[in-house]
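Reading through the structure tokens given below for one structure.
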Amino acid sequence: MEQLLKILEKNARLDDKAIAVMLDTTEAAVAAEIEKLEKDGVIYGYRPLINHDKIHVPFVEAIIELRVTPRKDTGFEEIARKVSAFDEVDSVYLMSGGYDLHVRVTGKDFRDIALFVAQRLALLDGVLSTATHFILTRYKAHGVILNENHTDERGNISL
Amino acid sequence: MINLSDKISKRTASLKPSGIRRFFDIANEMDNVISLGVGEPDFKTPYAIRRKGIENLEEGRTGYSANAGMMELRNAITRFLHRKYELSYDPAKEILVTVGGSEAIDLGIRAFLDPGDEVLIPEPSFVCYSPIVTLTSGIPVPIVTKEEDHFRLTPEALEGAITDKTKMLILPYPNNPTGAVMKKEHLEAIAEVILRHDLIVLSDEIYSELTYNGKHVSIASIPGMKERTILVNGFSKAFSMTGWRLGYAAAPKEAISQMTKIHQYAVMCAPTTSQYAAIEALDHCDENIEEMRNEYNMRRRLTVNGFNEIGLHTFEPEGAFYVFPSIQSTGLSSEEFCEKLLYAKRVAVVPGNAFGESGEGFIRVSYSYSVKHILEAIKRIGEFVQELREQ
């Protein structure tokens, strides 16, 4: 399972047959294992890694540091769920350290995100403060270094 | 004006340039070429090892080391050989740190050969042995290994090649380019012949850590063999440290002391930065080796399977990072196949005859590339083979 996940993490589009060969097992076994991982929620989705710098569709990303008041009975759970429910929100993490929720938001421009923060996020019950950080340049995302011309420098030796 | 070509020694002039080079030279001039040609790991040296090198540079440890290599490194090599292959050597007298495994091969051959001595070289194999033997006034004697024997050296083939001039056997396993390995029982079978004919063995085990389906066994661990074996190994393949140029020889002290003499006159000592880094590699990087081996193993299966599926029969290699598909079914020679493939589909592989005449009819394919790259290359080669068959 660990090896299978490793392979998929690197390239989720490899077909079951190639994976079966790599893991020295059958195609059916790979299909069954993936189905199980999906059913158990271990694999909760697949998506392409899109480099938005390469397409001319307006796209802005921001990280919002949220300080909130936890509830006596449910702690951070309730507010975290409320924040997660917004379509604009891509990810929500509870953090240790100087603030509570780390929220990644996407929109088509700065104004989009500013309005979302001012008119929706900041108004939620329990939100004490927000600090919004816009992402300026992406160098590496999801483990991949972006906008780098990869040339194989090997091959200059005779062995 | 001086005619330099006239002055070059006849022996040097007689050496043929490596046949691997030619195709890279053509490929480098073309766009959109994808290569499965390189005989070098695609992993970076593990970070901890690089860090160790950097630290020692920062601290200004940039002088020579002892000729035979830093004692601390020789200790680490001894521990490694014991832990991995159950071999015991005296770090003070039986280990020599060299500039890559290549230098250790050179020294081993030079220390033992007198003019006219014959050296047996199983082929197909790495391209350096025969030229070095020639430069040492020895006589290289190829022994053909066959696919039906899994490209292993058989006792019969060995016996058949021995004459009263034979002094040394080169044992290049796990093998570049075939990926063949010699398991314990195969080593035992040839050991008997080696002992009976009182031969020296130069065992090039540079790919030892890249052995799949079981553990590597060194011929030096077979009874009676250690006293006549020069074991060559290094850091390039196991630790992805090709550019650090570091290897070693382990052998009885009579051999090491003579080899050290040549080494001290020719290169003084191996690079010191590399030696510091190598200690870290041997002592703390088993996990990195394991991870790389796993990754290679997956690609190995994928590559073997891929070639068999496109109709190029491929023997299952159990070591190194090469597969050696037969292209005989296409009716082309190795060189024709590689050249046509390069022009038609822009895929670079190495013709098998670059590794000795017995490699004719095969190509060497390296799988030290990403899975995506391998799949794309095999797809193109598949199209090429299909088009050949339709002609």
Side-chain angles (χ1 to χ4, degrees), chain A residues 1-38 42-43 45-51 53-54 139-159, chain B residues 17-25 27-28 33-43 100-102 126-128 176-177 206 212-213 236-237 242-243 291 294-306 308-309 322 348 350 354-355 364 366-375 378:
Chain A
M1 185 188 75
E2 205 187 321
Q3 290 277 25
L4 173 62
L5 288 176
K6 237 186 203 169
I7 292 173
L8 288 175
E9 267 193 299
K10 243 186 232 169
N11 185 353
R13 296 197 67 195
L14 275 182
D15 56 33
D16 293 355
K17 188 169 157 267
I19 297 173
V21 171
M22 288 167 74
L23 295 178
D24 200 15
T25 176
T26 63
E27 209 175 323
V30 171
E33 182 71 29
I34 291 178
E35 200 187 316
K36 185 174 184 307
L37 289 166
E38 287 172 354
V42 176
I43 296 176
Y46 304 86
R47 63 197 319 201
L49 309 178
I50 296 172
N51 184 349
D53 298 345
K54 299 264 185 184
Y139 295 101
K140 183 176 183 180
H142 304 286
V144 183
I145 293 174
L146 302 174
N147 305 321
E148 187 188 50
N149 262 338
H150 179 75
T151 46
D152 194 340
E153 286 167 358
R154 301 174 298 160
N156 295 317
I157 187 144
S158 58
L159 79 166
Chain B
S18 163
I20 306 175
R21 202 47 277 146
R22 198 164 75 84
F23 282 89
F24 283 120
D25 290 345
N28 284 341
V33 170
I34 64 174
S35 168
L36 291 180
V38 169
E40 183 172 0
D42 63 324
F43 298 100
S102 310
F126 182 47
V127 293
C128 82
N176 169 10
I206 191 76
Y212 317 101
N213 307 343
S236 295
K237 305 301 175 357
T242 47
E291 209 170 289
N294 255 328
E295 179 70 30
Y296 283 130
N297 198 5
M298 290 194 279
R299 299 175 190 175
R300 178 182 70 99
R301 296 196 199 105
L302 193 68
T303 313
V304 172
N305 182 71
N308 279 318
E309 278 198 339
Y322 309 102
V350 181
F355 305 93
R364 187 192 75 171
S366 157
Y367 52 86
S368 67
Y369 293 92
S370 73
V371 166
K372 207 172 149 191
H373 185 105
I374 292 169
L375 288 175
I378 294 177

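When reading the values below, keep in mind they use all heavy atoms of this one structure, side chains included, and skip hydrogens, waters and symmetry mates. In the text below, chain A, chain B and the rest are named by the order of the sequence lines, each starting its count at 1.
Proximity of Leu14(A) to Val371(B): side-chain heavy atoms (C-beta onward) are separated by under 4.5 Å at one or more points.
Counted within 6.0 Å of OH on Tyr139(A), heavy atoms from surrounding residues, nucleotides or ligands total 12 or fewer; the atom is thus considered open.
Under 4.0 Å is where a charged nitrogen must lie from a carboxylate oxygen, and between Glu295(B) and Lys10(A) at least one such pair does.
Here the CG atom belonging to Asp24(A) is positioned 12.0 Å from the CG atom belonging to Leu302(B), to the nearest 0.5 angstrom.
Heavy-atom pairs under 4.5 Å with chain A were tallied for Arg300(B), Arg299(B), Glu309(B), Lys372(B); the largest tally goes to Glu309(B).
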Practice problem: List the steps, then state whether side-chain contact (heavy atoms from CB on, under 4.5 Å) holds for Gln3(A) with Asn294(B). | Solution: CA-CA 9 Å; Gln3(A) 290 277 25; Asn294(B) 255 328; 3.4 Å; yes
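For chain A, the nearby parts of Ser368(B) are the backbone and the side chain; heavy atoms of each come within less than 4.5 Å. Of the atoms belonging to Ile7(A), it is side-chain heavy atoms, and not backbone ones, that fall under 4.5 Å from chain B.
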